[in-house]
Number of protein chains: 2
Amino acid sequence: MTEQEKSTEEIIFDAAQKVFVLKGFDGARMQEIAQEAKINKALLHYYYRTKEKLFHAIFERVLSYIIPRVLAFVESDEPIFSKIEFFVNTYVELLLKNPYIPNFVISELNRNPDSIAEMLGGLMVKNDALKKFTVLINKEIEKGTIRPIRPEHLFVNMISLCIFPFVARPIIQGVIFKNDKERYQEFLMERKKEVASFIINSIKIEK
Amino acid sequence: MTEQEKSTEEIIFDAAQKVFVLKGFDGARMQEIAQEAKINKALLHYYYRTKEKLFHAIFERVLSYIIPRVLAFVESDEPIFSKIEFFVNTYVELLLKNPYIPNFVISELNRNPDSIAEMLGGLMVKNDALKKFTVLINKEIEKGTIRPIRPEHLFVNMISLCIFPFVARPIIQGVIFKNDKERYQEFLMERKKEVASFIINSIKIEK
DNA sequence: GTCTATATATGGATAGAC
DNA sequence: GTCTATCCATATATAGAC
């Protein structure tokens, strides 16, 4: 779809996503979104009655883009260590392309922890990925491929190692890399391999 | 120091910290801070001319409270694995007591990545903890105690595993623990041991 | 130092013309 | 459907009395 074929509604939607993702709900200004979309402020209210509604639409879109991609790895037929490599690889890749999304999601969930429950619930429960992951891990533990570990901890560890360096980018880039943007970018790319092997080394049982 | 001995300035300062940490700069209201301090709104401006200045003071205080504690582990004389256990333990303990601080710091650094550089620089460079950590790790690799790993990755992994579950509390608590607050609290406490052994298992070389 | 009252600015939302 | 002009609520900040 070319730029010209985009409907005004879509143009607004994309502009809003850009601004909301960068600034968060409180920081975003309807005026700025209008400017970004090159239309008038009043038109925002014509399409999406309130700031809150517009934000909600964006938030839902972002989550339903991210979550299935994050959980897809559970479905594959690969052996467990390949699954983990696949997970880390696709996740870090995804974040390199959308580095501001984690902060956006987190700051919104901080602002409004409740309103989101249903939305998330819908996306996850339908998929049931977490249960599958638990079964999967417990099976590997029984087989003796990996050491005993609560699947919840393993899962949280996996996402922590992937996401946090993006969430805390300013501080890590500043403190460790003296604000050298390029070096931090390289560092993040290195993590595609590094994190996977960090996890695998931790849980693997040598035969 | 008892409550009554606290000066008005300190009372304001503490109230402001409470509100800013919970709501962030954009979300915080001077009115709310005044209420929390049980004083008048105008008095805030009498002591700290602007919201921005008040915030800055709070932010500096929080960082200088957190950072030295996080980096203290480098100094101890313990062997490396004890150091790691100590780090994870004190850090998670600290976060259990101050669960909103990570989000506060992160959201501010997101809002304003530059202004903070000097402040951080001062706290870290003086201490030079990172360089010490690098030396430490490289020495252990040479000795054959741990497998080869870039110290930067190891350090980022350590803080990621500790902090992220607090940053992403609403989402993890919601998705994995069906919003059961108590179970999530237990889960976080378990991590004091779990994360340490996760890291150690990953880097240790068996003799 | 602490208060009440008020100025000033900003930003979300609406009215109404085209 | 899109614009200009404007309303109105909110929030920071100041003036001035005590």
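Below, chains carry the letters A, B, ... as their sequence lines are ordered, and counting in each starts from 1.
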Report, as a single string ordered 5' to 3', how protein heavy atoms within less than 4.0 Å touch nucleotides 3-18 of chain D: B base, S sugar-phosphate only, - not at all.
BB------SBBBB---

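Judged by distance alone, with hydrogens and angles left aside, the side-chain atoms of A/Arg69 form a donor-acceptor pair with the main-chain N or O of A/Tyr65 at under 3.5 Å.
Residues A/Arg150 and A/Asn138 have side chains that never bring a donor and an acceptor to within less than 3.5 angstrom of each other.
No close placement of the B/His56 and B/Tyr48 rings is indicated, their centers lying 6.0 Å or farther apart. Here B/Phe104 and B/Phe55 bring their ring centres to under 6.0 angstrom of each other.
Of the inter-residue distances, the one linking A/Asn201 atom CG with B/Arg147 atom CZ reads 4.0 Å to the nearest 0.5 angstrom.
Across the protein-nucleic acid pair, B/Lys6 atom NZ and C/dG1 atom C1' stand 18 Å apart, rounded to whole Å. Atom CG in A/Leu44 sits about 14 Å away from atom P in C/dG11, given to the nearest Å.
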